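Step one of this worksheet: look at the structure below.
First the proteins, then the strands, lettered A, B, ... as listed; each starts at 1. This is a predicted model, so every value here is computed, not measured.
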Amino acid sequence: MKCSEIKRKLSAFLDGEVSEEEKQIILEHLNTCDRCRKEFEALSQVSEVLEVIDEIQVSPFFVTHLKQRITGQKAKSRVHIPFVEWIRRAAVPITAVVLIIISFLVGSNLGKVLHREHAENMAESETDITSVLGVSSLAEFPEGSLGWAYDNLLIGGE
Amino acid sequence: MEHSYTTDPDSQMITAVADGDERAYEQLVKKYQHAVFNTIYRCLGNYEDIEDIAQEVFIKVWHKAKSFRKNSKFSTWLYRITVNQCLNYRSKHKQKLVSLDEMTEKERIPDSLIVEVDHEQRNKAEIVRKSVNKLPDRQRIALILSQFEDKSYKEIAEIMGVSLSAVESLIFRARENLKKTLIPLRNDGKI
Ligand SMILES: [Zn+2]
């Protein structure tokens, strides 16, 4: 057999899918031909590398969900969302809510800072969202402390 | 072909399923769910809709049990359904899969679904999976069935509805393609 023919058979040879006769021919050829041997080694390496591909587990309620659909109890009416998917979908609204709260706090504090700059003596308007939440951005925290960092976060840094 | 009926251990079970036996059905599902999940995962290269597709596969088994022809093995039939579901899904979602950002996000498998959580191993797996994902559909399926499901070329030919020499050629071309992408990465120590 020519090298080109051998080359085409090497993949099947690797999978044990050649006849006994072909197997002998290929083995003999590999003993004498460097180029085909290198090709065979490369194919073996590809197979080896593929083995790193991970396995996944079956979702724990798969059979239950399946049986529900088969028996048609809740199949059509209820859209099932797998837990992982739920976390993924929930991530966006949760992040949005957190961002809204943060921007609200930042906004109210910025407003307060501006308010202080323009009307230093109007101290009676101090009751606002930050004191309701038990967070006072006006308290003096030592530089570098957690409170200081939080304060900086709230008012958007110096 | 006659002999496969008597040697197929699932033959009795699928006959029972055809008669509406839910326990036999559950046994078959439990026996093959892992293989079906992982075949889908490797065919699609993303985790997002695996459970839905796997459900479609087994629902087909339930509804079509009566039409199952006993001259082939149950597992061959099951893999054929699985592969077809994957191909349908891929052709439907081709537009979606093209978007690279989305692809990366969907391809990233959540920790909870992974059997072995080893960071370095996972990164390597991700790189290799992406290369496999880029193979043409038929090459990828033939290779997956051979490499991960230990199917013989004859079985793969039956599953895919192609000739034996077509299977040989598909797997050969798949490996040649992967050789070009994976060997340089391996030599660079990336995988
Ligand atoms: Zn040669």
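Around the CD atom of Glu51(A), the shell of radius 6.0 Å holds more than 12 heavy atoms that belong to other residues, nucleotides or ligands.
Looking at Leu10(A), neither its backbone nor its side chain comes within 4.5 Å of chain B, counting heavy atoms on both sides. Residue contact with chain A, scored on non-hydrogen atoms closer than 4.5 Å, involves the backbone and the side chain of Ser152(B) alike. Within the 4.5 angstrom heavy-atom criterion, only side-chain atoms of Arg42(B), from C-beta onward, approach chain A. Only the side chain of Glu26(B) has a heavy atom closer than 4.5 Å to any heavy atom of chain A. Heavy-atom distances place no part of Leu185(B) under 4.5 Å from chain A, backbone and side chain included. Residue Val36(B) does not touch chain A at all, counting heavy-atom pairs closer than 4.5 Å. For chain A, the nearby part of Ile183(B) is the side chain; its heavy atoms alone come within less than 4.5 Å. Interface remark: Ile59(B) contributes backbone and side-chain atoms alike to the contact with chain A (heavy atom separation under 4.5 Å). For Ala54(B), the parts sitting under 4.5 Å from any heavy atom of chain A are the backbone and the side chain alike.
With contacts defined as side-chain heavy-atom distances shorter than 4.5 Å, the pair Ile70(A)/Tyr25(B) qualifies. Side-chain atoms of Gln68(A) and Gln55(B), non-hydrogen and from C-beta on, never get closer than 4.5 Å to each other. Residues Arg8(A) and Ser169(B) have side chains in contact (heavy-atom distance under 4.5 Å, counting atoms from C-beta outward). A heavy-atom distance below 4.5 Å is not found between the side chains of Gln121(B) and Asp54(A). Proximity of Glu17(A) to Glu168(B): side-chain heavy atoms (C-beta onward) are nowhere separated by under 4.5 Å. Asp15(A) is listed as a side-chain neighbour of Arg175(B), based on a closest heavy-atom distance under 4.5 Å.
In terms of hydrophobic clustering, with Ile, Leu, Val, Met, Phe, Trp and Tyr side chains grouped at heavy-atom distances under 4.5 Å, Ile141(B) and Ile81(B) are assigned to different clusters. Hydrophobic cluster membership is shared by Ile159(B) and Leu87(B), with clusters built from Ile, Leu, Val, Met, Phe, Trp and Tyr side chains linked at under 4.5 angstrom. There is a path of hydrophobic side-chain contacts, each under 4.5 Å, that joins Val57(B) to Val17(B). Clustering ILVMFWY residues whenever any of their side-chain heavy atoms sit less than 4.5 angstrom apart, transitively, puts Ile171(B) in the very cluster that holds Val128(B). In terms of hydrophobic clustering, with Ile, Leu, Val, Met, Phe, Trp and Tyr side chains grouped at heavy-atom distances under 4.5 Å, Leu44(B) and Leu78(B) are assigned to a common cluster.
With rounding to the nearest 0.5 Å, the separation of NE2 in His34(B) from CD in Gln57(A) is 7.5 Å. Here the CD atom belonging to Gln45(A) is positioned 13.0 Å from the CG atom belonging to Leu178(B), to the nearest 0.5 angstrom. For the atom pair CD1 of Ile53(A) and CZ of Arg122(B), the computed distance is 14.5 Å after rounding to the nearest 0.5 Å. Remark: Phe62(A) CZ to Phe58(B) CZ distance equals 5.5 Å, nearest 0.5 Å. Here the OG atom belonging to Ser11(A) is positioned 11.0 Å from the NZ atom belonging to Lys179(B), to the nearest 0.5 angstrom.
Ranked by heavy-atom pairs under 4.5 Å with chain A, the list His63(B), Glu176(B), Lys124(B) is led by Glu176(B). Ranked by heavy-atom pairs shorter than 4.5 Å toward chain B, the options Leu43(A), Leu50(A), Val46(A), Val49(A) are led by Leu50(A).
His65(A) and Glu51(B) are linked by a side-chain donor-acceptor pair at a separation below 3.5 angstrom, with hydrogens and angles left out of the test.
In this structure a side-chain-to-backbone donor-acceptor pair under 3.5 Å is present from Asn38(B) to Ile56(A).
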Q.
side-chain contact (heavy atoms from CB on, under 4.5 Å), that's the test. Do Val52(A) and Arg129(B) meet it? Break it down for me.
A. CA-CA 9 Å; Val52(A) 305; Arg129(B) 219 153 40 77; over 6 Å; no
